Amino acid sequence: MGKKTIWLLMVGVLGAYYLYTPLPDNIDEPWRVTWQVVPVKIDRFDVHEFPFQANFIELLGLYNFMDIIKILLHVKEVPPISDENITVTDTTFNHIPVRVYVPKKQSKALRRGIFYIHGGAWTFESAASQNNDLFSRWTADRLDAVVVSPNYRLLPKYHFPIQFEDVYNSLKWFLRKEVLAKYGVNPERIGLVGSSSGGNLAAAVVQKILDDPESKFKPKIQSLFYPALQILDMDTPSYQENSNFLPFRRLIARLRSEYLSIDRSLEKTIFSNQIVPVESSHLLKFVNWSSLLPKRFIKGHVYNNRTYGSSELLKKYPDLLDVRVSPLLADDKKLRSLPQTYIVTCQHDIFRDDGLMYVTRLQNAGVSVTHNHIENGIHGLLSLSGLKITHEMKNQYLSWLRENL
Ligand SMILES: *[C@@H]1O[C@H](CO)[C@@H](O)[C@H](O)[C@H]1NC(C)=O
Ligand SMILES: *[C@@H]1O[C@H](CO)[C@@H](O)[C@H](O)[C@H]1NC(C)=O
Ligand SMILES: *[C@@H]1O[C@H](CO)[C@@H](O)[C@H](O)[C@H]1NC(C)=O
């Protein structure tokens with residue numbers, strides 16, 4: 001048997017094994033969610049023990065771990081096809097590929113502009129993935145806005161800060177006077193939007209662009225869907241409560257270590273919350289869920305003192321505490337300058353508390369924040385089309401944009 005045959009056999013076995021899908025208890029429309037998550041599991045995404053299985057396949061020397069997940073993900077991409085309302089084109093902004101959606105109907109006034117950063121753990125998906133293409137198209141149509149979605153370079157080939165820089169540089173290009181004029185976009189009405197790891201990038205990029213003297217125009221709002229905002233603490237109540245649901249704590253530790261470096265030892269350090277050495281302990285207050293989470297989310301969880309990490313490791317990998325990796329590390333002075341913000345958090349999501357802590361910190365800094373907490377929501381809702389809660393979430397977001405952008 002060739003390597004590929006062995007591989008296919010293993011995928012078959014794994015697929016059968018994971019047909020059973022654990023879901024949180026109080027999910028609406030559980031059958032629909034299961035129906036959608038099962039295919040996600042089999043040919044798209046991670047599963048409960050999946051990181052271990054992928055590690056195993058990797059040990060056999062068949063494929064690199066990240067490539068295995070990429071193959072399993074098998075994200076369906078769609079070409080840039082215009083429809084009756086929207087013209088869709090693939091082009092480049094400052095050498096970075098982007099997909100642009102422009103409404104067809106004439107408009108006397110300049111339009112709103114939305115810069116949408118897709119999710120997928122800095123690894124999977126693209127602007128052309130079906131879920132992202134649908135969302136961008138829908139936004140352009142319903143909001144009558146020009147939507148730009150960058151195809152930043154991904155893992156496993158490219159590591160931080162490439163993803164950040166690609167997004168940053170393409171956004172800067174979009175914010176140029178002549179580019180905005182070309183697409184008929186009003187410079188005063190630009191929104192930066194991101195989901196999951198795209199929410200991480202959106203939060204990081206907006207913090208930086210505000211201080212960039214080369215960029216005259218700034219986003220008016222930011223919208224973050226279930227963003228991942230820090231890598232210092234993987235023991236927040238939401239991590240503890242949801243470590244068995246997609247996207248799994250262990251897989252996240254692996255993805256984060258891949259994001260920062262090819263050094264596998266980082267995975268353990270990140271997984272065990274030991275990246276902060278004692279001399280950087282002042283940073284812990286920025287991600288201290290004991291003081292930043294509303295009481296009802298803390299419930300019975302106890303905040304234990306952190307175990308400090310090694311200074312040597314941080315010297316070798318200063319990116320571990322880079323604010324562009326963990327936007328929650330921005331100080332209050334920086335937060336005060338941020339634009340009006342819309343944040344979606346989902347109850348049954350590992351990243352819930354990242355979003356909640358950012359809501360608290362932004363509010364404490366005086367930023368106007370609209371927070372939509374989805375009580376029965378799970379991570380990645382935007383990709384689970386057809387669900388009632390997804391539909392409601394999108395419509396609430398759209399109304400907010402109509403009022404505030
Ligand atoms: C185009 O716009 C019309 C009018 O709003 C709408 O009924 C139709 O569904 C839209 N088409 C697509 C493909 O979204
Ligand atoms: C975290 O917050 C709690 C409660 O406000 C406080 O007692 C504790 O000292 C804080 N720890 C750190 C490391 O900031
Ligand atoms: C945690 O650290 C604080 C301050 O460093 C200390 O006062 C407290 O006793 C520690 N708590 C535990 C449970 O070790």
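In listed order, ligands and their atoms are each counted from 1. Nothing here was measured: the structure is a model prediction, and the numbers come from that model.
- At under 3.5 Å, not a single nitrogen or oxygen of Y303, backbone or side chain, sits near a nitrogen or oxygen of ligand 2.
- Because its NZ or CZ atom is not both nearer than 6.0 Å to the ring centre of F135 and within 45° of the ring axis, K394 does not count as a cation-pi partner of that residue.
- Counting heavy atoms from C-beta on, the side chains of I374 and M393 come closer than 4.5 Å.
- With hydrogens left out, the protein atom closest to atom 13 (C) of ligand 1 is E84 OE2, 3.7 Å, a heavy atom.
- Ring-centre distance between F164 and Y152: not below the 6.0 Å cut-off.
- The closest protein non-hydrogen atom to atom 1 (C) of ligand 1 is N85 ND2, 1.5 Å.
- A donor-acceptor pair under 3.5 Å links the side-chain atoms of S261 to the main chain of D263, judged by distance alone.
- L255 and F124 make their closest contact through CD2-CZ, 4.4 Å (heavy atoms, listed as atom of the first residue, atom of the second, distance).
- Distance remark: protein heavy atom not present below 4.0 angstrom from atom 5 (O) of ligand 1.
- In R137, neither the side chain nor the backbone holds a heavy atom less than 4.0 Å from any atom of ligand 1.
- Residue I86 does not touch ligand 1, judged by heavy-atom distances below 4.0 Å.
- You'll find the side chain of D233 reaches within 4.5 Å of the side chain of R306, heavy atoms only.
- Within a 4.0 Å radius of atom 9 (O) of ligand 1, the protein contributes no heavy atom.
- The residue from N288, L292, L284 that puts a heavy atom closest to atom 12 (C) of ligand 2 is N288.
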